[in-house]
There are 4 protein chains.
Amino acid sequence: MTGAVAADQLRSIIERIERLEEEKAALAEDIKQVYAEAKANGYDVKTLRRVVRLRKMDSHDRSEQEALLELYLEALGMAADKAMPVI
Amino acid sequence: MTGAVAADQLRSIIERIERLEEEKAALAEDIKQVYAEAKANGYDVKTLRRVVRLRKMDSHDRSEQEALLELYLEALGMAADKAMPVI
Amino acid sequence: MTGAVAADQLRSIIERIERLEEEKAALAEDIKQVYAEAKANGYDVKTLRRVVRLRKMDSHDRSEQEALLELYLEALGMAADKAMPVI
Amino acid sequence: MTGAVAADQLRSIIERIERLEEEKAALAEDIKQVYAEAKANGYDVKTLRRVVRLRKMDSHDRSEQEALLELYLEALGMAADKAMPVI
DNA sequence: CTGCCATTTTACCGGC
DNA sequence: GCCGGTAAAATGGCAG
């Protein structure tokens, strides 16, 4: 691997990554747009995000997290309030 | 307000702010330490953070958030899973 | 938006977001592949990541110094007058 | 840590965190006061914030360029040899 | 498995 | 009082 060859290869790697990251950033921008549009239609963005997250998470994980939270709250003498969602 | 006087005043303002922000950053660091120590003692940091947040939030807010989430989930035909805490 | 949520509209929003996030995840996967390939060619992945990060920062804060001077002038309520030693 | 949580220890952790967060919030309040006072003296708050931010960034990425060059050399798997045009 | 880094989410603050 | 954008916090992911 001579210096010149390595430099070309390095440049290629960096540029491929930067290209892909640009595309990724563009998609992130699109997603923001969808949320903004939803907000304009009266939806609550924070809750929408929670919905998306919940759909991604399986119910097993949810139950585990919730059980642990209840354990801590009980130890603190705080009633496990019904209005305490995992996400 | 001559230039020189204003410059002195500006410098003073900036420096006061930077000083306060340093102190604030130090406290943030302390908090991180406490969490790290708790983790070393076997606590789940993520859940601890949720507990702190819940204690800060009044139950009115919690209920509102939870009601909205359930509304969305029902609209999507997703059962309101018990294991879905607000935070 | 109280009462009934327009289920179809909500579902459409959620699905658009999920679709975009899938595409984004695919790109993230591609990026990982490039790094993995680079690693196979003997590059140090951590260093490559730092290079990418620095290049991004670098393109952001080009000519930061001059910007800062102008900001001082603005903060002093002065037009940017070149012949004036401010700070 | 399954089963019973040491309630006293847990409570101690939570309270330490809450105490530190109170102090942090107090500092945030102080900072706001300084900005408010500056504003009363005719300064533009937004610009002041930008000054503070730029000064922070600036102190971070001093000599970023040189760091980047060294990183390229590392990425190429070369010792930092001054007499070598890399990229 | 642990720590770090990046991303993502939340909260804040000033302006309108 | 909302909205936009900016900073802080939190979560997740990846490498070692």
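Numbered from 1 within each chain, the chains take letters A, B, ... in sequence-line order. All values below come from the heavy atoms of this structure, side chains included, with hydrogens, waters and symmetry mates left out.
If you take CD of D:Gln33 and P of E:dG14, they are 11 Å apart, rounded to a whole angstrom. The interatomic distance linking A:Arg53 (CZ) with E:dT7 (C1') rounds to 13 Å, in whole Å. In this structure, C:Glu29 places its CD atom 19 Å from P of F:dG12, rounding to the nearest Å. For the pair B:Lys56 NZ and E:dT10 C1', the interatomic distance rounds to 11 Å; values are reported in whole Å. A straight line from NZ of C:Lys24 to P of F:dG12 spans 14 Å, rounded to a whole angstrom. Straight-line distance from the CG atom of C:Leu54 to the P atom of E:dC5: 12 Å, rounded to whole Å. Distance B:Glu21 CD to F:dT6 P: 16 Å, rounded to the nearest Å. In this structure, the CG atom of D:Leu20 is 18 Å from the P atom of F:dA8, given to the nearest Å.
Formation of a donor-acceptor pair under 3.5 Å by the B:Arg62 side chain with backbone atoms of B:Leu54 is found in this model.
Not one side-chain nitrogen or oxygen of C:Arg49 sits closer than 4.0 Å to the OP1 or OP2 atom of F:dG13. Taking 4.0 angstrom as the limit, D:Lys32 places none of its side-chain polar atoms (N or O) nearer than this to OP1 or OP2 of E:dG14.
The nearest heavy atom of DNA chain F to C:Asp44 and to B:Lys46 marks one nucleotide each, and the one closer to the 5' end goes with B:Lys46. Residues D:Arg50 and C:Val45 each lie close to DNA chain F; by heavy-atom proximity, the contact nearer the 5' end of the strand is made by D:Arg50.
With contacts defined as side-chain heavy-atom distances shorter than 4.5 Å, the pair B:Arg49/B:Val45 qualifies. The shortest side-chain heavy-atom distance between B:Arg50 and A:Tyr72 does not fall under the 4.5 Å cut-off.
Rounding to the nearest 0.5 Å places OH of D:Tyr35 at 11.0 Å from CG of D:Asp44. Remark: D:Lys32 NZ to D:Leu27 CG distance equals 14.0 Å, nearest 0.5 Å.
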Side chain to side chain contact (heavy atoms under 4.5 Å, CB included) evaluation trace for C:Ile14 with C:Leu10: CA-CA 6 Å; C:Ile14 298 292; C:Leu10 177 56; 4.1 Å; yes
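Stem analysis of DNA chain F (at least three stacked-register Watson-Crick or G-U pairs, each with both distances under 3.5 Å) gives E:1-16 with F:1-16.
Of the charged side-chain nitrogens involved, none lies within less than 4.0 Å of a carboxylate oxygen, so that D:Arg19 and D:Glu15 do not count as a salt-bridged pair.
Within 4.0 Å of C:Lys39, counting heavy atoms only, lie sugar-phosphate atoms of the nucleic acid but no base atom.
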